[in-house]
Every structure is written in structure tokens, then in C-alpha cells.
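What's counted below: heavy atoms across the whole structure, side chains too, no hydrogens, waters or symmetry copies. Just so it is clear: chains get the letters A, B, ... in the order the sequence lines come, proteins before strands, and each one is counted from 1. Not measured: the values here are computed from a predicted model.
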Number of protein chains: 4
Amino acid sequence: MNARPDPNADIASTGVAGEELKQFIERIERLEEEKAGIADDIKEVFGELKGRGFDTKIVRKIVALRKQDANERQEQEAILELYMQALGMQ
Amino acid sequence: MNARPDPNADIASTGVAGEELKQFIERIERLEEEKAGIADDIKEVFGELKGRGFDTKIVRKIVALRKQDANERQEQEAILELYMQALGMQ
Amino acid sequence: MNARPDPNADIASTGVAGEELKQFIERIERLEEEKAGIADDIKEVFGELKGRGFDTKIVRKIVALRKQDANERQEQEAILELYMQALGMQ
Amino acid sequence: MNARPDPNADIASTGVAGEELKQFIERIERLEEEKAGIADDIKEVFGELKGRGFDTKIVRKIVALRKQDANERQEQEAILELYMQALGMQ
DNA sequence: CGCTTAATATAGCCAC
DNA sequence: GTGGCTATATTAAGCG
């Protein structure tokens, strides 16, 4: 048993749960702002790196590859080749 | 004119640019970790909120809607400015 | 249960699934051509409109805004329905 | 000299250019609807193809490859390898 | 032609 | 664990 079994119902009536909800939403929005800020930082690094003459597209690929399991990558390539052979493409 | 007009060429030879690239990549990876951490925090808030009896789906929609409202406002202002420029109203 | 549980296997052997795949790909390519054609039509309209003295940038913004307004309306309705469900109001 | 040198100015005054603009916008919106319809058709084909056991991601790749110039692809791969060598990744 | 914004594709998440 | 949905990442287009 719970003192507030259905906060949603309370929203329309007392506003108590509404206040709690507001707090949650504000926390989320604050965190999302932070996240967006970091995303901007990343963009800046790419901008800087581009200004130094590096190819951003390739750097992105490297970063992605470092995350990705090498085996999975090989598997993907293998099945892709299989398909291409079936279609007579190369 | 630039002291390093083609970093790509350097990569294969001296490795100097390779070192610089490595630095960039590590910065990016550090920032992406931070970003992922915040994403986790957000998930936690949703978990908590769910534990308090709120419907996560609805809360997500509210958050999205509030963001959209903000965007909408910006859009409206943007187009208003465009019009004013077009009409020579400065 | 399915008559062809693993088309990928068939590709390398009989080529039957390869044929089916080819059909799919050709359908997709035909549709993408159509789509590109329409995109060209849109470009033409913008060209025409520009020739009539309108500012394409502004017109694009108006179109985007009208679309956004429509989306916004749908979003509002969606969240309203969600709330009603959550509150047991059918 | 032109009978309507600045349609934008007219918008605020006579509404004549406003009417013309409306026509343009409606044409654009109609075309964009068509385009969206075809995009949906494409999605359907992918859905169907998926239901037949094909891997949509790979099929997308094939479609993209068929568009792409083979030389460009090889060049991309070459430079990627170069970078990876420089970083000691394989 | 580079930079910014829109379209598309991918991946992660959540509910069933 | 599968499938839909949202969010992110990539790619393409438009503009100056």
C-alpha cells in the first residue's frame, strides 16, 4: 500500500504530485542541457581538428571503429560480400 | 601558407601528425564518455520517477513538448526578423 | 515455419533469393528516382518563385513553420490522449 | 522596369503578391506531400523485404554502393587504412 | 567552396 | 527477444 498510489490523478486535484513532477522535469531538462553542452564541446573539437587539416569524416570513422567490436565488423563485411557476389557486383 | 599544409602526408612518414590526431581522438572519447554518463543520469531520473508512480511515456512527451515550444518560439522570432529585414524595417 | 527460412544461405547456392533481392532493389531504385524527380520539381518551383522576386530563404522558413505548426498540433493531441488514458478518461 | 519590383513590399499593402506567394507555397506543399508518400512507399518495400528475411541495413548499403562511384570508394578506403596504420590500429 | 541547416540512416531504448 | 519509437549521427543540400 502507498500514500500516493496514483500521482497522475493527483495532478488534476491537489497539485502535490504536480509539484513533484515539475521537479523531475526540471532535473531532466538540466541534465539535457549539460548533455547538449558536451555535444557542443565535441563539435568544437571536430572543428579544431578540421582546422588542423584532418578529415573529420575519417576521424569520426576511426572513433566509431575503436568502439566497435572488430569481429562484428568482419562479419558485416563478409555478409556484404556474399550479397554482392549473389548480385554479380564484383 | 601553412607550416603543415598536408598532415596526411606526415602521418605515413614522421608520425608527428599521427600523435596530434591521437590527442584529438582521446579528447573526443573522453567527452563522449561524459556525455554517456549524463545520459545514464537521465535514465536514472526516469527510473526514479517511474518508481514514484509517474508514467515515463507521458513525462517524455511533456519534456519533448516543452523543448518544441521553445524551438517554435525561436522559429517564430527568426521568421519575424527575416520579414523585417526583407521589408527594410531593419 | 517458412519455405525459405534463410535467404542468405540461398544466395550463395541457388541464386533464387538473389533474384528476389534484385527485384526489391530495382523497386527501391525506381521509387528513389521518382522521389528525386519530385525533389527537382520542388527546386524548380523555388527557382520560379525566386524569379518572381520572392526571397527563397523566407519562403522555406514559412513552409517549415507551417509544417511545424501541423506537427505541434498533432503533438498536443497526442499528449492530450495520453493524459486521458492515464487518468482513465477513456 | 517591372510592374511588381518588390513583391515583399506588396504583401503588407495590397495582398496581391501575398496571393501569388500562397499559390507557390501550396504547390510546394503538394509536392512535398507526394515526396513523403514515395518515401513511405520505400519504407514499405524495406519492411516487406525484411519480412522476407533480408537484412535491411545491408540492402541499403548495396543500393548506396550502386550509386556511388567505385573509384571514390576505393580512395576512401585507402586513406582510412593510411590513418589506421598511423595510429597503429591493425 | 565552406559553412550552416535539413534529410536520411543508424542505434539505443522501452514496452510488450 | 522482437518490434516500434525516440534520439543521435551521418550525409546531402542550399546559401552566401
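Taking C:K61 as the reference, B:E75, B:A78, B:I79, B:L82 meet the side-chain contact (heavy atoms from CB on, under 4.5 Å) condition, with sequence neighbours excluded. Scored by the side chain to side chain donor-acceptor pair (under 3.5 Å) test, D:E44 finds no partners at all (sequence neighbours excluded). Applying the side chain to side chain donor-acceptor pair (under 3.5 Å) test to B:E34 and every residue at least two apart in sequence or in another chain returns nothing. Not counting sequence neighbours, D:E81 has no partner by the side-chain contact (heavy atoms from CB on, under 4.5 Å) test.
Taking atom CD1 on C:I58 and atom P on F:dC15, their separation rounds to 12 Å, with Å as the unit. For the pair B:I42 CD1 and F:dT6 P, the computed distance is 16 Å after rounding to whole Å. Here the P atom of nucleotide F:dA9 and the CD atom of B:E29 are 14 Å apart, to the nearest Å. The distance from atom CG of B:L82 to atom P of F:dG16 is 10 Å, rounded to the nearest whole Å. Separating the CZ atom of C:F46 from the C1' atom of F:dA13 is a distance of 12 Å, rounded to the nearest angstrom. For the pair A:I62 CD1 and F:dA9 P, the interatomic distance rounds to 17 Å; values are reported in whole Å.
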Just by protein heavy atoms under 4.0 Å, how would nucleotides 4-13 of chain E read 5' to 3' in B, S and -?
----SSSS-S

Tabulate below the donor-acceptor pairs under 3.5 Å that side-chain atoms of residues 22-29 of chain B make, not counting sequence neighbours, or state none.
from	atom 1	to	atom 2	distance (Å)
B:Q23	NE2	B:E19	OE2	3.2
B:R27	NH1	A:E48	OE1	3.3
B:R27	NH1	A:E48	OE2	3.4
B:R27	NH2	A:E48	OE1	3.2
B:E29	OE1	A:R66	NH2	3.2
B:E29	OE2	A:R66	NE	2.8

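Nearest approach of D:T56 to D:F46, heavy atoms of both residues: CG2-O, 3.7 Å.
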